[in-house]
Amino acid sequence: MLSIKVDAAAVPPAVLAGMPRLRWGWAGAGLLALAASCGVGVLVGPVHIGVGTVVQTLVGGAVDPGQANILWSLRFPRVVLGVLVGGTLAIAGAAYQGVFRNPLADPYLLGAAAGANLGATLAIALAPGTSVLGVNVVPLAAFVGAGAAVSGAYALGRSVTGLRSATGLILAGVAIAAFFNSIQSYVQQTQTSSIRQVYSWILGRLVTAGWDDVLLILPYVLLSVVAIYLHRRLLDALTLGEDEVTSLGIPVRRVRLIVVVAATLGTAAVVAVGGTIAFVGIIVPHTIRLLVGRSYRVVIPLSVLFGAAFLVLADAAARTVVAPAELPIGVITAFLGAPFFIAVMRSTRAAAL
Amino acid sequence: MRTHQPGASAKLAVRFGVVAFLSVFFAASCGGAPTSATSTPASRFPVSITAPGGATVTIPRRPQRVVSLSPSATEMLFAMGAGPQVVAVDDQSNYPATAPKTQLSGFTPNIEAIAAFTPDLVVAAEDTAGLVHGVQALNVPILIEPAAKNLDDTYVQIKQLGAATGHAADADSLVASMRSQVGSFVASVAKPARQLRVYHELDNTYYSVTSATFIGQVYKLLGLTNIADAAAGAAPDYPQLSPEYIVASNPDLIVLADTKCCQQDLSSVAARPGWRAIVAVKSGQVVPVDDDVASRWGPRIIEFMRAVALHVQQLEKQAA
């Protein structure tokens with residue numbers, strides 16, 4: 001594992017002088033939004049469970065065992081999973097945008113989604129229902145696939161451009177993603193009986209193995225979020241331009257590698273259990289840029305909070321809009337997210353872009 | 001011979017069409033028990049058949065080289081004794097074992113590959129990728145028998161396939177036998193004293209079926225309450241159910257039509273978070289069925305119905 005300790009003091013204070021810090025008010029608003037969305041998340045669902053019952057269950061009071069079962073086994077882990085997945089996708093998106101200085105970058109830029117989709121499709125089609133050490137093989141395969149795709153893109157990008165430019169890396173990611181997608185489509189064509197499960201996976205869903213999934217991804221998510229958070233000043237410094245930053249003595253390539261590895265690790269973990277949920281990694285950081293500020297010391301922490309809140313709400317919608325059936329969460333994130341983002345862009349006159 | 005055409009990679013477009021697409025899909029992966037075929041009086045050819053698809057197809061002579069791209073149609077043809085006239089079936093037609101399975105695909109059909117079998121009749125479940133146009137260009141009659149919505153559709157399709165292959169009398173007796181067995185299953189379950197709830201599982205992401213589907217009407221005929229019907233209207237006929245709704249609905253009977261695709265059984269269902277509280281799991285009324293039998297609209301629907309009826313009888317006995 002790469003060292004994630006980077007001397008934050010290595011960024012000369014003058015570099016960051018013009019960039020705003022995170023104000024407590026916004027941090028508080030983020031925490032409040034997260035708390036409120038979690039409240040909504042545990043209260044709504046196809047099965048009506050009152051506020052009193054939820055509170056009683058949380059404090060260990062005597063409640064109907066059927067409702068307690070639904071809350072503890074299904075709804076609570078699902079909300080926690082939404083927090084982890086949403087927060088990680090948003091921070092990973094912000095990190096990618098910073099490291100590539102590309103506003104269109106998302107956590108899947110270097111092929112993580114294509115790799116995860118291929119891994120999951122292979123597992124669903126060829127090894128249905130198997131598990132390794134008690135863990136379903138589908139998330140494992142997705143995790144490995146995402147890691148393999150990004151590693152491949154990184155190796156390819158380095159061999160071509162020596163990482164002098166981020167563009168080479170991005171193009172390598174595009175090529176790897178297209179290649180993996182074609183294999184995935186082929187496998188799916190030949191295994192038509194599993195097509196429903198594959199699509200269910202690709203569109204994203206937080207219906208999973210409950211607490212097992214939460215525990216499965218928690219270490220990776222924590223590692224990823226902490227590592228990116230520690231690099232928020234360096235990401236701010238990177239906005240000055242590669243040459244200038246290099247002349248200040250900041251190891252640009254090492255920073256890029258560490259942030260990409262951290263973001264990929266987190267993305268691979270959450271994609272493994274939630275599927276390739278679209279849109280969160282792009283829309284959440286950009287909304288924060290428009291509403292709060294462009295500094296990564298603002299965007300990085302707020303992305304975690306608002307990303308988590310957004311996905312928990314989206315999941316609440318996914319399981320209530322057509323209840324008792326469900327919609328794929330990927331449909332909801334884009335359907336709710338796109339109009340909201342357009343409204344934000346219009347109201348801010350896109351000045352910050 | 002490679003007959004699969006890698007799908008168009010316009011994945012985004014595909015994603016949003018997927019729900020509609022899937023509905024066709026599982027209906028389309030199909031099966032039928034071979035029953036003894038009686039000798040057939042020569043039907044009069046040419047025959048004209050108006051398939052549910054709408055088009056009228058004229059078959060000039062009794063076909064000797066039938067290509068079936070529909071697993072359900074394959075099972076029907078073999079069940080009525082038309083098997084010897086079938087020269088090729090698609091890659092999903094895995095029943096009966098004697099069917100001449102090839103790499104032909106009913107989902108991404110390749111006209112050249114079909115033409116290579118020099119068919120005198122092609123049967124399929126859907127007109128995808130220009131199938132009908134392409135086969136007609138070869139001057140070969142093609143019959144589209146789409147996913148049946150109910151048992152009557154199945155009976156009609158069996159009779160049409162019988163007429164098309166010169167097995168009209170065999171088809172009639174197959175239908176008569178199916179009708180009488182369905183009647184006996186329905187009679188074997190008393191009007192339930194209490195409403196028994198059933199959850200039919202298509203895969204381990206909790207896709208299910210409402211009573212509006214072919215398989216769903218079997219439960220209806222047996223007097224069961226289908227928990228997926230609560231999703232009717234808001235969701236498609238094959239809704240993906242919320243797990244907390246399934247647990248809260250507390251079904252008396254769980255039918256697993258995902259034993260092959262997803263290797264599900266009583267123990268894997270019991271291991272899902274919260275599912276141990278379901279009465280069907282507690283009492284072991286979790287019925288594994290063959291995915292294919294439960295997703296086709298061929299003669300093997302009788303086997304499926306027999307298995308379910310048996311469990312309904314058990315549940316009624318327990319309740320008594």
Side-chain angles (χ1 to χ4, degrees), chain A residues 45-49 65-67 69-75 77-78 117 124-125 127-131 136 178 181-186 188-197 199-203 205 207-213 278 318-328 330-331, chain B residues 4-9 11 14-16 18-19 21-22 25-26 28-29 91-92 105-108 202-208 227-228 230-231 233-236 238-250 258 260-265 268 271-277 291-292 295:
Chain A
V47 179
H48 176 75
I49 301 177
Q67 297 206 326
N69 178 40
I70 286 171
L71 285 173
W72 279 117
S73 304
L74 298 164
R75 219 181 268 180
R78 195 162 165 168
N117 285 343
I124 290 169
T130 47
S131 52
N136 188 313
N181 279 337
S182 73
I183 302 175
Q184 191 261 340
S185 299
Y186 174 73
Q188 201 173 290
Q189 283 288 318
T190 55
Q191 303 286 332
T192 42
S193 57
S194 59
I195 199 162
R196 194 171 38 227
Q197 285 166 279
Y199 274 118
S200 188
W201 198 88
I202 285 175
L203 284 166
R205 198 150 185 251
V207 175
T208 46
W211 294 112
D212 289 353
D213 278 345
R319 69 186 122 98
T320 46
V321 172
V322 293
E326 298 213 3
L327 284 175
V331 172
Chain B
H4 293 296
Q5 302 163 336
S9 61
K11 192 173 286 169
V14 173
R15 284 182 189 178
F16 291 96
V18 75
V19 175
F21 179 55
L22 290 177
F25 224 101
F26 18 134
S29 24
D91 57 354
Q92 303 297 313
S105 168
F107 300 117
T108 53
L202 289 171
D203 69 15
N204 56 358
T205 64
Y206 314 141
Y207 271 102
S208 189
I227 67 164
Y238 296 91
Q240 189 175 29
L241 295 179
S242 247
E244 67 176 56
Y245 169 73
I246 300 168
V247 171
S249 302
N250 198 21
D258 51 2
K260 279 160 83 175
C261 78
C262 325
Q263 314 278 312
Q264 297 301 300
D265 56 20
S268 65
R272 295 174 186 169
W275 285 56
R276 259 180 210 287
D291 305 13
D292 294 333
S295 62

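Reminder, nothing fancy here: chain letters follow the sequence lines and each chain counts from 1.
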From CG (A:Leu74) to CH2 (B:Trp275), nearest 0.5 Å: 9.0 Å
Option in B:Ser242, B:Ala248, B:Ser249 with maximal non-hydrogen atom pairs under 4.5 Å from chain A: B:Ser242
Shortest non-hydrogen contact from B:Asn204 toward A:Gln197: OD1-NE2, 3.1 Å
All side-chain contact (heavy atoms from CB on, under 4.5 Å) counterparts of A:Ala325, not counting sequence neighbours: A:Val322, B:Ala231, B:Ala235, B:Pro239
Heavy-atom check, side chain of B:Pro243 versus side chain of A:Arg78, under 4.5 Å: yes
Which residues share a side-chain hydrogen bond (donor to acceptor under 3.5 Å, both in side chains) with B:Asp203, sequence neighbours left out: A:Arg196, B:Thr205
Residue pair B:Gln240, A:Arg205: steps toward the side chain to side chain contact (heavy atoms under 4.5 Å, CB included) verdict: CA-CA 11 Å; B:Gln240 189 175 29; A:Arg205 198 150 185 251; 3.2 Å; yes
Leading residue by heavy atom contact count with chain B [cutoff under 4.5 Å; candidates A:Gly45, A:Ala125, A:Pro46]: A:Pro46
Shortest non-hydrogen contact from A:Glu326 toward B:Leu241: CG-C, 4.0 Å
